[in-house]
Peer 1: 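Have a look at the structure that comes next, please.
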Amino acid sequence: QLQFVESGGGLVQPGGSLRLSCATSRRTLDNWHIGWFRQAPGKDDEGVSCISKTDGTTYYEDSVKGRFAISMDNAKNIVYLQINNLKPDDTAVYRCAPVLCTAAQMVPSAQHRGADYWGRGTQVTVSS
């Protein structure tokens, strides 16, 4: 069964940084690529970044390119998202989920919206 536990969020000032963690299982990492999504009140759920274990390919949404960095510790079954130079518009609940990840895009699973694997997410609040 797929399971994801997000952590690492918090309240930071503009320009600050956080390191988000997505803890999952060995089986999950062996069978799916992992993406980070975020959702803020009044906004659509959006894909932020993803990583492909098979070839190391990463994808970043344009608004976070150059500021965020995704990585994976396969031994610990954790996918990280380092988020730097934060802006108020980065404020959202961040969650991880299985995706198809390429350099050009991240494609959610067919069950994306109603899936029961969603974790509680971790809140990132950027405010002065």
Side-chain angles (χ1 to χ4, degrees):
Q1 182 177 356
L2 297 178
Q3 184 176 357
F4 305 93
V5 179
E6 300 90 351
S7 62
L11 174 63
V12 297
Q13 298 182 25
S17 298
L18 290 169
R19 189 191 195 193
L20 311 182
S21 296
C22 169
T24 186
S25 70
R26 168 62 63 182
R27 291 186 64 183
T28 296
L29 292 182
D30 284 346
N31 289 280
W32 288 275
H33 302 160
I34 305 300
W36 280 95
F37 297 81
R38 66 184 181 185
Q39 186 171 30
K43 297 182 179 179
D44 293 332
D45 178 42
E46 64 175 347
V48 174
S49 181
C50 64
I51 185 166
S52 171
K53 184 178 69 174
T54 54
D55 60 8
T57 295
T58 58
Y59 163 85
Y60 297 94
E61 194 273 330
D62 286 343
S63 69
V64 309
K65 194 172 299 182
R67 300 189 298 119
F68 291 10
I70 192 168
S71 62
M72 178 175 61
D73 187 331
N74 197 48
K76 296 182 178 180
N77 303 322
I78 296 176
V79 176
Y80 299 102
L81 186 68
Q82 179 71 38
I83 56 177
N84 301 316
N85 193 22
L86 290 166
K87 306 174 181 180
D89 284 348
D90 295 319
T91 296
V93 175
Y94 286 70
R95 296 183 175 90
C96 51
V99 301
L100 175 63
C101 189
T102 71
Q105 64 180 357
M106 52 187 293
V107 182
S109 74
Q111 301 175 259
H112 182 81
R113 182 56 61 88
D116 61 4
Y117 54 64
W118 289 104
R120 295 178 179 179
T122 186
Q123 176 72 48
V124 173
T125 302
V126 185
S127 177
S128 60

Peer 1: Between T125 and S127, is the side chain to side chain donor-acceptor pair (under 3.5 Å) condition met? List the steps.
Peer 2: CA-CA 6 Å; T125 302; S127 177; over 6 Å; no
Peer 1: Taking atom OG1 of T91 and atom CD of Q123, what is their separation to the nearest 0.5 Å?
Peer 2: 7.0 Å
Peer 1: Checking side-chain contact (heavy atoms from CB on, under 4.5 Å) against T28, which of N77, V79, I34 comes through?
Peer 2: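 It is I34, the one option of N77, V79, I34 that forms the side-chain contact (heavy atoms from CB on, under 4.5 Å) with T28.
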Peer 1: State, to 0.1 Å, how close T122 and G8 come at their nearest heavy-atom pair, and which atoms those are.
Peer 2: OG1-N, 3.7 Å
Peer 1: Kindly indicate whether a cation-pi arrangement holds for R95 with F4, taking the cut-offs as under 6.0 Å to the six-membered ring centre and within 45° of the axis.
Peer 2: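 No cation-pi geometry.
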Peer 1: Do the side chains of V93 and L86 join up, straight or via other hydrophobic residues, at under 4.5 Å, putting them in one cluster?
Peer 2: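 Different hydrophobic clusters.
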Peer 1: Which atoms form the tightest heavy-atom contact between K43 and D89, and what is the distance?
Peer 2: NZ-O, 3.8 Å
Peer 1: Do I78 and L20 land in one hydrophobic cluster if side-chain heavy atoms of ILVMFWY residues count as linked below 4.5 Å?
Peer 2: no
Peer 1: Measure the spacing between CD of Q1 and CZ of R27 and express it to the nearest 0.5 Å.
Peer 2: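 It comes to 10.5 Å.
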Peer 1: Between H112 and F37, what is the ring plane arrangement, given parallel below 30°, perpendicular above 60°, and tilted in between?
Peer 2: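 Taking F37 first and then H112, their aromatic rings sit tilted (interplane angle of 30° to 60°).
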Peer 1: Look at the side-chain heavy atoms of Ile, Leu, Val, Met, Phe, Trp and Tyr, link any pair under 4.5 Å apart, and say whether V107 and V64 land in one connected group.
Peer 2: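 As far as the 4.5 Å side-chain criterion goes, V64 and V107 are not connected within one cluster.
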Peer 1: Decide side-chain contact (heavy atoms from CB on, under 4.5 Å) for Y80 and R19; before the verdict, give the C-alpha distance in whole Å, the side-chain angles of both, and the deciding distance to 0.1 Å.
Peer 2: CA-CA 7 Å; Y80 299 102; R19 189 191 195 193; 3.5 Å; yes
Peer 1: Taking everything shown except R113 itself, do over 12 heavy atoms lie less than 6.0 Å from its CZ?
Peer 2: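 Incorrect, the count does not exceed 12.
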Peer 1: Between A115 and W118, which heavy-atom pair has the shortest distance, and what is it?
Peer 2: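 So the two residues come closest at O-CD1, 3.1 Å.
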Peer 1: Is it true that, when you exclude Q111 itself, more than 12 heavy atoms of the residues, nucleotides or ligands shown sit nearer than 6.0 Å to its CD?
Peer 2: no
Peer 1: For Q3, look at atom CD and say whether over 12 heavy atoms of other residues, nucleotides or ligands are found less than 6.0 Å away.
Peer 2: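 At most 12 heavy atoms, drawn from other residues, nucleotides or ligands, come within 6.0 Å of this atom.
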Peer 1: Less than 4.5 Å apart, side chain to side chain, heavy atoms only: is that true for L2 and P98?
Peer 2: yes
Peer 1: Using modelled atom types and a 3.5 Å cut-off, is there a donor and acceptor pairing between side-chain atoms of D44 and backbone atoms of E46?
Peer 2: no
Peer 1: As a quick check of understanding, evaluate side-chain contact (heavy atoms from CB on, under 4.5 Å) for S49 and M106, giving each step before the final call.
Peer 2: CA-CA 7 Å; S49 181; M106 52 187 293; 5.5 Å; no
Peer 1: Taking the basic N atoms (NZ, or NE/NH1/NH2) and the acidic carboxylate oxygens, is any pair closer than 4.0 Å for D90 and R38?
Peer 2: yes
Peer 1: With the side chain counted from C-beta on, respond yes when H33 and T54 share a heavy-atom pair under 4.5 Å apart, and no when they do not.
Peer 2: yes
Peer 1: Determine, step by step, whether Y59 and I70 satisfy the side-chain contact (heavy atoms from CB on, under 4.5 Å) criterion, reporting the C-alpha distance in whole Å, the side-chain angles of both residues, the deciding distance to 0.1 Å, and the verdict.
Peer 2: CA-CA 9 Å; Y59 163 85; I70 192 168; over 6 Å; no
Peer 1: Considering non-hydrogen atoms only, spot the tightest contact between C50 and G35 and give its length.
Peer 2: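 Reported closest heavy-atom pair: CB-CA, 3.7 Å.
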Peer 1: How about F68 and E61: do any of their side-chain heavy atoms sit closer than 4.5 Å?
Peer 2: no
Peer 1: Check for a donor-acceptor pair, side chain of T58 on one end and backbone N or O of I51 on the other, with a separation under 3.5 Å.
Peer 2: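 Looks like no, no N/O pair under 3.5 Å.
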Peer 1: When rounded to the nearest 0.5 angstrom, what is the spacing between CE in M72 and OG in S52?
Peer 2: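 Here the interatomic distance stands at 8.0 Å.
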Peer 1: N74 vs R26, test: side-chain contact (heavy atoms from CB on, under 4.5 Å). Steps then yes/no.
Peer 2: CA-CA 8 Å; N74 197 48; R26 168 62 63 182; 2.5 Å; yes
Peer 1: Between V12 and S17, what is the shortest heavy-atom contact and its length?
Peer 2: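 For V12 versus S17, the nearest heavy atoms are CG1-O, 4.1 Å.
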Peer 1: To the nearest 0.5 angstrom, please state how far the OH atom of Y94 sits from the OG atom of S21.
Peer 2: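 Here the rounded value is 14.5 Å.
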Peer 1: If you compare all heavy atoms of V124 against all heavy atoms of G9, which two are closest, and at what distance to 0.1 Å?
Peer 2: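 Looks like CG2-CA, 4.2 Å.
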